[in-house]
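Since this is a predicted model, take the numbers as computed values, not measurements. Chain letters run A, B, ... following the sequence lines, proteins first and then strands; every chain starts at 1.
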There are 2 protein chains.
Amino acid sequence: MSRSNPRVLSTLERAGGFASAQEVYKLMQREGEKIGLTTVYRSLQSLLSDRIVDVLRRDDGEAIYRLCGSTHHHHLVCKGCGDTVEIEGGAIEKWARTMAEEFGYRDVGHTAEIFGLCPKC
Amino acid sequence: MSRSNPRVLSTLERAGGFASAQEVYKLMQREGEKIGLTTVYRSLQSLLSDRIVDVLRRDDGEAIYRLCGSTHHHHLVCKGCGDTVEIEGGAIEKWARTMAEEFGYRDVGHTAEIFGLCPKC
DNA sequence: CGCAAAATTGATAATGATTATCATTATCAG
DNA sequence: CTGATAATGATAATCATTATCAATTTTGCG
Ligand SMILES: [Mn+2]
Ligand SMILES: [Mn+2]
Ligand SMILES: [Zn+2]
Ligand SMILES: [Zn+2]
C-alpha cells in the first residue's frame with residue numbers, strides 16, 4: 001500500500017506535542033520542505049495503523065496526532081486546555097477481556113478515554 | 001440567544017442512545033416532522049450548553065449526542081457484522097474516577113468501547 | 001385587539017478538514 | 001537498461017458543520 005514518509009514523523013517529533021495534518025503540512029512548508037498535503041495525511045494514517053502515533057480529536061473535530069510511547073496506554077484529556085496525561089489501563093484490559101469472553105467475542109480490542117477539567121482549568 | 005426545539009430532544013430520547021445531528025434530522029424527516037437541519041444543529045448546541053446532553057466524537061469525527069440522564073452503558077461491537085451488545089461498565093466507572101482523582105481532574109466523563117468478532121462471525 | 005420588536009426558523013451558501021482520483025515520478029528487481 | 005511497482009501530489013469530490021439572511025412566528029404592550 002503506502003509507507004509513511006519519514007520526514008512527516010520527523011516533523012511531528014519536532015512539533016513536540018499534538019499536531020494536526022494541516023499543521024504538520026504548514027510546518028513543513030515553512031521549513032522549506034517540499035511535500036504534498038496528501039502525503040502528510042497518508043503518512044499519518046500509516047503511522048497510526050502501525051501504532052507509532054496516537055490520534056485524538058480537538059473540540060472542533062480536527063484530528064490531532066502525537067508520538068506514542070511503546071506501551072499500551074490510555075488518555076486523560078483536559079476539555080479546557082487539551083492537556084493530556086498518559087495513564088495505565090490495567091482495569092480496562094481486564095474488563096474488556098471479561099466482557100468479550102462473556103459474550104463469546106474473539107480477536108478483541110478496545111478504546112477508552114477519560115476527559116475532564118485539569119487542575120489549571 | 002436561541003432555545004432548543006423540544007421536538008429535537010424528544011427525538012433524541014426516542015433514539016435511545018447516541019445520535020448525530022444528521023441522524024436526528026433524518027429520523028424526524030422519516031417520521032413526518034417538518035424541521036430544518038439548521039434548527040436541529042442549533043437545538044443540540046443549546047442542549048449541550050445547558051448540560052442536557054453529552055457530546056462525543058465518532059471515529060470519523062462526526063459529533064454524536066446522548067441524553068445525560070439516560071442509563072449509562074457501553075458497547076461490545078462486532079467488527080464483522082456490526083452487531084452490538086450493551087454491557088455494564090462498573091469497572092470502567094471506577095477506573096475513570098480513580099484516575100481523574102489521581103491527577104486532580106474535575107467534571108469527568110469517559111468513553112469506552114470493546115470491539116471484536118462475535119460468535120457468528 | 002393591533003402592531004411592532006424580538007425570537008425562531010430554515011433554505012441556501014460558505015467553510016474546512018478529509019478522502020478519492022489519477023497522471024506523473026521515483027524506486028527496485030532482474 | 002527496462003518493465004513493474006510503489007510513492008507522490010495536484011486536483012476534484014465529499015460531507016459535516018457553520019454563517020447568512022430573509023421570512024415567519026411569538027411576545028409584550030398600548
Ligand atoms: Mn487498554
Ligand atoms: Mn462508563
Ligand atoms: Zn486544562
Ligand atoms: Zn459479528
Tell me which donor-acceptor pairs under 3.5 Å the side chains of residues 28-39 of chain B have, and how far apart each pair is, sequence neighbours excluded?
{"unit_1": "Q29(B)", "atom_1": "NE2", "unit_2": "Y25(B)", "atom_2": "OH", "d": "3.1"}
{"unit_1": "E31(B)", "atom_1": "OE1", "unit_2": "R14(B)", "atom_2": "NH1", "d": "2.7"}
{"unit_1": "E33(B)", "atom_1": "OE1", "unit_2": "R7(B)", "atom_2": "NH1", "d": "2.8"}

D59(B), CG atom: more than 12 neighbouring heavy atoms under 6.0 Å: no
Enclosure of E13(B) CD (heavy-atom neighbours >12, cutoff 6.0 Å): yes
Quick test: give all pairs of protein nitrogen or oxygen and nucleotides 5-9 of chain C nitrogen or oxygen below 3.5 Å, distance rounded to 0.1 Å.
{"unit_1": "dT8(C)", "atom_1": "OP1", "unit_2": "R3(B)", "atom_2": "N", "d": "3.3"}
{"unit_1": "dT8(C)", "atom_1": "OP2", "unit_2": "M1(B)", "atom_2": "O", "d": "2.2"}
{"unit_1": "dT9(C)", "atom_1": "OP1", "unit_2": "N5(B)", "atom_2": "ND2", "d": "3.3"}

Checking E86(A) against D54(A) for the side chain to side chain contact (heavy atoms under 4.5 Å, CB included) test, could you report, in this order, the C-alpha distance in whole Å, the side-chain angles of both residues, the deciding distance, and whether it holds? CA-CA 11 Å; E86(A) 293 188 352; D54(A) 277 332; 4.3 Å; yes
Establish, from distance only, whether the side-chain atoms of Y65(B) and E23(B) form a donor-acceptor pair under 3.5 Å. no
Relative to the ring of F18(B), is the ring of H75(B) parallel (under 30°), tilted (30 to 60°) or perpendicular (over 60°)? perpendicular
From OH of Y25(A) across to C1' of dT19(C) the rounded distance in Å is 16 Å
Hey, what do you get for SG (C68(B)) to CD1 (I52(B)), rounding to the nearest 0.5 Å? 7.5 Å
Shortest non-hydrogen contact between W95(B) and G89(A), atoms and distance: NE1-CA, 3.8 Å
Along nucleotides 12-17 of chain D, 5' to 3', which nucleotides get a B, which get an S, and which get a -, given that the test is a protein heavy-atom distance under 4.0 Å? ----SB
Rounding to a whole Å, what distance do you find between M28(A):CE and dT8(D):C1'? 12 Å
